[in-house]
**Q** 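Sharing a structure below in structure tokens format, with a few things to ask.
What you see below is based on every heavy atom in this structure, not just the backbone, and it leaves out hydrogens, waters and symmetry mates. For this chain, numbers begin at 1 and follow the sequence in order.
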Amino acid sequence: ACDYLVKVNVHQMEPDSLWWDRLAVTELPARLPNPIAQRTVDFDGHVTTFVAENDGTYTMSYTDEPSSAQWVNQKIDFGFVPDLRSVAATDDRLYVLSDEGMLYESVDGATWNATSQQWNGIIGGYQDRLLGLVKTADGIYHAEYPVSEGFVQEKVDEEFPIEGYSQFHVYSNKWMESPTGLLTGGMTQSGRLTGATWGYDGKMWAKLSTHEAPAVKGGTMIPYFVYRNNSALWLSTEYSIWMFVGGQLADGTFNRKMYMTYDNGVNWIVCGDLMQLPDYIPGMMNTDCAIVSVAMSGNFEPEGWTAKASKNLPGWYRVNYEVDGYDVAWECPYIYLFGGQDADGVTYNTVWKGVLNRLTFVPIF
């Protein structure tokens with residue numbers, strides 16, 4: 001005869017809610033209290049934050065794990081007045097515009113050198129190139145630096161946002177010939193707010209949205225995951241999605257609804273109630289997003305779990321885990337929202353951390 005040990009893990013939390021814990025908040029990695037402005041980007045494998053301090057100086061901080069509070073902080077001197085919100089990263093460089101529109105570059109964030117470029121806006125990094133906007137007497141044109149072979153400077157579409165767009169995110173998959181960059185929202189040349197998503201494939205821009213996100217400036221686009229039950233057997237499938245939240249509407253109020261798209265911005269829909277922001281997170285715009293996977297672990301020893309009643313808990317699974325005896329380890333992607341501004345442009349000295357509850361559960365194997 002054989003003896004079998006069966007463990008049933010029953011969780012008290014709703015699995016597909018985006019859990020924004022009231023305690024999962026900390027301050028920006030600044031040297032002084034009450035920072036004036038911030039910008040956070042992913043550079044060289046680190047989450048890198050630039051802060052304008054309240055005494056007129058600047059701080060650069062970076063970390064591999066934002067929740068650890070183990071930031072490396074450095075006071076830096078740009079040598080010019082930066083437009084801090086314009087900071088962007090490519091594969092090997094950091095870039096920023098001065099308050100006069102001169103483009104500067106850096107390999108380490110501490111020493112900055114002027115380029116020959118005079119731009120009106122930075123969109124973001126695409127591999128080793130920087131994408132931006134240049135205003136001429138003939139209108140506004142797309143720009144890149146360094147200029148790649150075959151690049152043609154094209155005039156910006158009238159519906160394309162020239163300011164207030166989200167962070168520019170680049171993604172790829174096995175079916176794509178080249179990565180695609182996405183941005184959502186912003187203000188067009190005519191002053192109209194838009195909620196459309198635009199995509200860039202390395203050569204040209206195209207408007208992707210059929211059903212747009214809310215028309216805002218300063219909204220935040222978040223790459224993440226959700227799960228759908230796809231059979232009567234309660235089998236769940238993981239889907240990559242984009243979420244969109246925040247930003248200022250035309251009436252001056254903030255968009256507090258969380259939206260998501262399964263098709264890279266073609267169709268945006270309102271997320272379910274469980275994925276909406278809690279009331280204690282204020283409405284804001286110009287918030288930067290970083291996704292960082294945190295090493296998680298659990299144990300299937302019998303005394304390690306207590307069964308609890310659960311309501312309407314669907315089946316689920318997690319992948320990409322490792323098992324050693326009774327111990328299991330997996331990666332859990334946390335969302336971090338850095339800074340943000342209120343309606344008066346005052347920077348929030350906060351970093352919020354959230355996660356889809358399902359991803360924190362010990363995997364079944």
Side-chain angles (χ1 to χ4, degrees), residues 37 39 41 50 78-107 112-170 178-209 212 215-219 221 247-248 250 265 285-286 288 345:
R39 178 64 162 174
V41 297
F50 293 87
F78 282 95
F80 55 92
V81 179
D83 173 8
L84 207 62
R85 291 297 305 158
S86 71
V87 171
T90 63
D91 289 348
D92 57 1
R93 293 285 193 280
L94 286 162
Y95 293 90
V96 69
L97 292 178
S98 72
D99 60 344
E100 297 180 345
M102 177 62 70
L103 180 64
Y104 287 79
E105 64 180 348
S106 174
V107 296
W112 294 83
N113 300 300
T115 69
S116 59
Q117 305 294 306
Q118 190 80 22
W119 284 11
N120 293 86
I122 289 177
I123 293 174
Y126 182 86
Q127 296 179 322
D128 60 353
R129 289 175 281 155
L130 184 72
L131 308 180
L133 301 170
V134 174
K135 187 175 182 180
T136 70
D138 187 40
I140 300 177
Y141 285 79
H142 288 286
E144 73 171 26
Y145 180 84
V147 177
S148 60
E149 183 179 354
F151 173 73
V152 177
Q153 194 172 60
E154 295 184 344
K155 200 169 187 178
V156 170
D157 189 286
E158 292 183 357
E159 295 186 45
F160 189 88
I162 61 169
E163 60 179 271
Y165 36 79
S166 70
Q167 283 176 284
F168 182 68
H169 293 280
V170 179
S178 59
T180 295
L182 300 176
L183 60 80
T184 299
M187 181 179 291
T188 66
Q189 299 174 62
S190 66
R192 182 182 68 85
L193 294 180
T194 177
T197 297
W198 286 77
Y200 179 74
D201 66 356
K203 296 180 179 179
M204 60 182 296
W205 286 93
K207 181 181 176 181
L208 305 180
S209 295
E212 300 182 2
V216 298
K217 60 180 179 180
M221 193 172 173
Q248 191 172 39
M285 60 182 176
N286 296 329
D288 297 326

**Q** Please tabulate, for side-chain N and O atoms in residues 157-165, each donor-acceptor pair with protein atoms closer than 3.5 Å (sequence neighbours left out).
**A**
unit_1: D157; atom_1: OD1; unit_2: E159; atom_2: N; d: 2.8
unit_1: E159; atom_1: OE1; unit_2: K207; atom_2: NZ; d: 2.7
unit_1: Y165; atom_1: OH; unit_2: I122; atom_2: O; d: 2.9

**Q** From I140 CD1 over to K135 NZ, what is the distance, rounded to the nearest 0.5 angstrom?
**A** 6.0 Å
**Q** Looking at R129 and T90, what are the two nearest heavy atoms and their distance?
**A** O-CG2, 3.3 Å
**Q** How many angstroms lie between NZ in K217 and OG1 in T188, if you round to the nearest 0.5 Å?
**A** 12.0 Å
**Q** With under 30° as parallel and over 60° as perpendicular, where do the rings of H142 and W205 fit, or are they tilted in between?
**A** parallel
**Q** Does anything in residues 118-139 pair up under ring pair (Phe, Tyr, Trp, His ring centres under 6.0 Å), and if so which pairs, sequence neighbours excluded?
**A** Y126-Y200
**Q** Between side-chain atoms of residues 96-104 and protein atoms elsewhere (two or more places apart, or another chain), which donor-acceptor pairs fall under 3.5 Å?
**A**
unit_1: S98; atom_1: OG; unit_2: E100; atom_2: N; d: 3.1
unit_1: S98; atom_1: OG; unit_2: G101; atom_2: N; d: 3.3
unit_1: S98; atom_1: OG; unit_2: M102; atom_2: N; d: 3.1

**Q** Give me the atom names and distance for the closest heavy-atom approach of G139 to K155.
**A** CA-CE, 4.1 Å
**Q** If you measure from CD1 on I123 to CZ on F168, what distance do you get to the nearest 0.5 Å?
**A** 7.0 Å
**Q** Taking the side chain as every heavy atom from C-beta outward, state whether V41 and L94 have any atom pair closer than 4.5 Å.
**A** yes
**Q** From R192 CZ over to M187 CE, what is the distance, rounded to the nearest 0.5 angstrom?
**A** 10.5 Å
**Q** Indicate the atoms forming the closest heavy-atom contact of G125 with L130, along with that distance.
**A** N-CD1, 4.2 Å
**Q** Under 3.5 Å, is there a donor on one side chain and an acceptor on the other for T197 and T184?
**A** yes
**Q** Heavy atoms, side chains only, cut-off 4.5 Å: are H169 and M221 in contact?
**A** yes
**Q** Would you compute the distance between atom CG of N113 and atom CZ of R93 and round it to the nearest 0.5 angstrom?
**A** 9.5 Å
**Q** To the nearest 0.5 Å, what is the distance between CD (E154) and NZ (K203)?
**A** 12.0 Å
**Q** Any side-chain heavy atom of D288 within less than 4.5 Å of one from R85?
**A** yes
**Q** So L133 and Y141, do their side chains get closer than 4.5 Å, heavy atoms only?
**A** no
**Q** Is a donor on one side and an acceptor on the other found under 3.5 Å between the side chain of S209 and the backbone of G265?
**A** yes
**Q** Closest approach of G199 and T180, non-hydrogen atoms and distance?
**A** CA-CG2, 4.5 Å
**Q** Kindly indicate whether the side chain of V87, heavy atoms from C-beta on, has any atom under 4.5 Å from the side chain of Y95.
**A** no
**Q** Check the pair L131 / E144 against side chain to side chain contact (heavy atoms under 4.5 Å, CB included), numbers first and verdict last.
**A** CA-CA 5 Å; L131 308 180; E144 73 171 26; 4.1 Å; yes
